[in-house]
Amino acid sequence: MQIEETAVAGVHVTTPRHLPDERGTFHEGFRTDLLEAAVGRPFVPRQQNLSVSRRHTLRGIHSVTVPPGQAKYVSCVRGAVRDIVVDLRIGSPTFGRHHVTELTAESGRAVYIPEGVGHGFLALTDDSCVSYLLSGLHVPGTQIDIDPFDPELALPWDCPAPPLLSPKDTAAPSLAQVRAAGALARWDDAARRPVTTGDRV
């Protein structure tokens with residue numbers, strides 16, 4: 001498994017090695033030891049979420065307040081998505097910078113997203129299924145939503161048709177509004193604190 005850091009500090013992309021034979025292929029989709037060695041901190045999944053999306057569905061940009069925080073390991077287990085992460089940590093050397101990864105079931109590629117970093121994706125095929133391994137349990141009222149089309153972020157969604165968004169994402173505030181409300185994590189806080197295990201809800 002190859003693990004590389006991206007232009008967004010702390011965000012890593014993993015690319016597995018496929019082992020083909022006459023039956024098909026095999027690959028390791030997740031290795032705690034290799035991931036933790038690459039990112040320099042523990043990652044113990046506490047919850048898995050799965051989303052299924054029709055083509056041109058756009059989900060995001062989403063994050064979680066710190067605390068409680070929530071690191072993510074995101075992969076596409078069916079279909080294909082254009083995955084985008086954006087640094088939302090105040091004071092980060094890469095604040096506002098984004099990284100794009102095409103995730104497909106065939107490639108097995110995945111993205112590790114540390115606490116305080118925003119995430120979203122555009123479904124490129126019908127019936128795309130995305131898996132999220134999460135370091136913390138869901139805590140109601142802690143989610144941060146940001147307008148995926150905020151001109152300040154200028155994210156390259158490159159959608160050939162009007163995307164399908166949830167009412168929540170359609171009405172999401174701008175980065176400036178969320179920052180003014182004091183909801184964003186600070187770089188020092190997100191980088192220093194241990195990865196959360198979350199609270200049971």
Side-chain angles (χ1 to χ4, degrees), residues 1-64 70-88 94 97-135 148-149 153-161 163-166 169 195:
M1 179 179 288
Q2 181 179 355
I3 305 179
E4 298 177 296
E5 189 167 15
T6 70
V8 176
V11 174
H12 289 69
V13 174
T14 68
T15 304
R17 183 168 67 95
H18 291 262
L19 302 175
D21 62 23
E22 65 277 5
R23 299 167 298 172
T25 64
F26 173 89
H27 71 269
E28 294 178 338
F30 175 70
R31 282 277 301 266
T32 302
D33 58 337
L34 298 180
L35 181 67
E36 291 180 347
V39 305
R41 59 189 319 193
F43 180 78
V44 179
R46 297 272 292 168
Q47 179 172 324
Q48 182 187 29
N49 294 343
L50 296 165
S51 67
V52 177
S53 304
R54 58 188 288 189
R55 190 179 183 206
H56 301 322
T57 293
L58 197 162
R59 297 179 186 259
I61 295 293
H62 302 149
S63 187
V64 171
Q70 192 178 68
K72 303 176 182 179
Y73 187 81
V74 178
S75 61
C76 182
V77 296
R78 186 173 61 242
V81 302
R82 179 171 298 116
D83 191 271
I84 299 184
V85 296
V86 59
D87 195 342
L88 304 177
T94 58
R97 190 176 299 176
H98 66 266
H99 179 79
V100 181
T101 309
E102 185 166 311
L103 303 180
T104 67
E106 289 73 23
S107 73
R109 194 174 291 117
V111 181
Y112 169 78
I113 306 162
E115 295 179 338
V117 173
H119 171 256
F121 68 83
L122 175 71
L124 303 178
T125 63
D126 283 326
D127 207 32
S128 290
C129 183
V130 170
S131 166
Y132 315 73
L133 297 180
L134 307 173
S135 67
F149 296 104
L153 295 176
L155 301 176
W157 295 110
D158 299 330
C159 189
L164 177 62
L165 284 81
S166 70
D169 286 340
V195 174

Practice task
Report yes if the side chains of V85 and V74 come closer than 4.5 Å at any heavy-atom pair, otherwise no.
Solution key: no
Handout entry: With sequence neighbours excluded, residues passing salt bridge (Lys or Arg N to Asp or Glu O under 4.0 Å) with R23
Key = D21
Completion exercise
When every non-hydrogen atom of R97 is compared with those of V8, the smallest separation belongs to O-CG2, 3.5 Å
Fill in the blank from the handout: So CD of Q47 and CG of N49: to nearest 0.5 Å the spacing works out to 4.5 Å
Completion exercise
Shortest non-hydrogen pair, F43 vs L35, comes out as CD2-CD2, 3.9 Å
Practice task
Look only at the side chain of D126 and the backbone of R55, and say whether a donor-acceptor pair between them is shorter than 3.5 Å.
Solution key: yes
Practice task
Determine whether T14 and R31 make a side-chain contact, defined as any pair of heavy atoms from C-beta on separated by less than 4.5 Å.
Solution key: no
Practice task
Ignoring hydrogens and angles, tell me if any N or O in the side chain of R82 forms a donor-acceptor pair with the backbone of L124 under 3.5 Å.
Solution key: no
Exercise for the section: Check G118 against I61 and note the closest heavy-atom contact, atom names and distance. Expected result: CA-CG2, 3.8 Å
Handout entry: R109 (side chain) donor-acceptor with T101 (main chain) under 3.5 angstrom
Key = no
Problem - Within-4.5 Å side-chain heavy-atom neighbours: P114 and V11 - result: yes
Completion exercise
Between G60 and D169, the two heavy atoms sitting closest are N-OD2, 3.3 Å
Handout entry: Distance-minimising heavy-atom pair for H18 and G108
Key = NE2-N, 4.3 Å
Practice task
Determine the minimum heavy-atom distance between V77 and S131, stating which atoms define it.
Solution key: CG1-CB, 4.1 Å
Exercise for the section: Would you tell me whether D87 and H99 have side-chain atoms, one donor and one acceptor, within less than 3.5 Å of each other? Expected result: no
Exercise for the section: State, with a plain yes or no, whether a side-chain heavy atom of L19 is found less than 4.5 Å away from one of R17. Expected result: yes
Exercise for the section: List the steps, then state whether side chain to side chain contact (heavy atoms under 4.5 Å, CB included) holds for V111 with K72. Expected result: CA-CA 8 Å; V111 181; K72 303 176 182 179; over 6 Å; no
Fill in the blank from the handout: Value for OG1 (T15) from CD (Q2), rounded to nearest 0.5 Å, stands at 5.5 Å
Problem - Backbone N/O of L58 and side chain of W157: donor-acceptor pair under 3.5 Å - result: no
Practice task
Can you label the angle between the F30 ring and the Y73 ring as parallel, tilted or perpendicular, going by 30° and 60°?
Solution key: perpendicular
Handout entry: V81 backbone acceptor or donor facing E102 side chain under 3.5 Å
Key = no
Problem - Residue pair R78 / D127, side-chain heavy-atom distance below 4.5 Å - result: yes
Practice task
Before giving the answer on side chain to side chain contact (heavy atoms under 4.5 Å, CB included), spell out for C76 and T104 the whole-Å C-alpha distance, their side-chain angles and the decisive distance to 0.1 Å.
Solution key: CA-CA 5 Å; C76 182; T104 67; 5.7 Å; no
Handout entry: Exam field: side chain E36 to backbone P42, donor-acceptor pair closer than 3.5 Å
Key = no
Exercise for the section: Check whether any side-chain heavy atom of T57 lies under 4.5 Å from a side-chain heavy atom of S51, and answer yes or no. Expected result: no
Exercise for the section: Report yes or no: does T125 contribute a side-chain atom to a donor-acceptor pair with the main-chain N or O of G79 at less than 3.5 Å? Expected result: no
Exercise for the section: Calculate, to the nearest 0.5 Å, the distance between atoms CG and NE2 belonging to L88 and H98 respectively. Expected result: 13.0 Å
Problem - S53 versus R59, side-chain donor and acceptor atoms under 3.5 Å - result: yes
Handout entry: Residues, nucleotides or ligands: over 12 heavy atoms within 6.0 Å of R54 CZ
Key = no
Exercise for the section: Using atom types as modelled and distance alone, determine if a side-chain donor or acceptor of S128 lies under 3.5 Å from a backbone N or O of A80. Expected result: yes
Handout entry: Student check: side-chain heavy atoms of L103 and S75 closer than 4.5 Å
Key = no
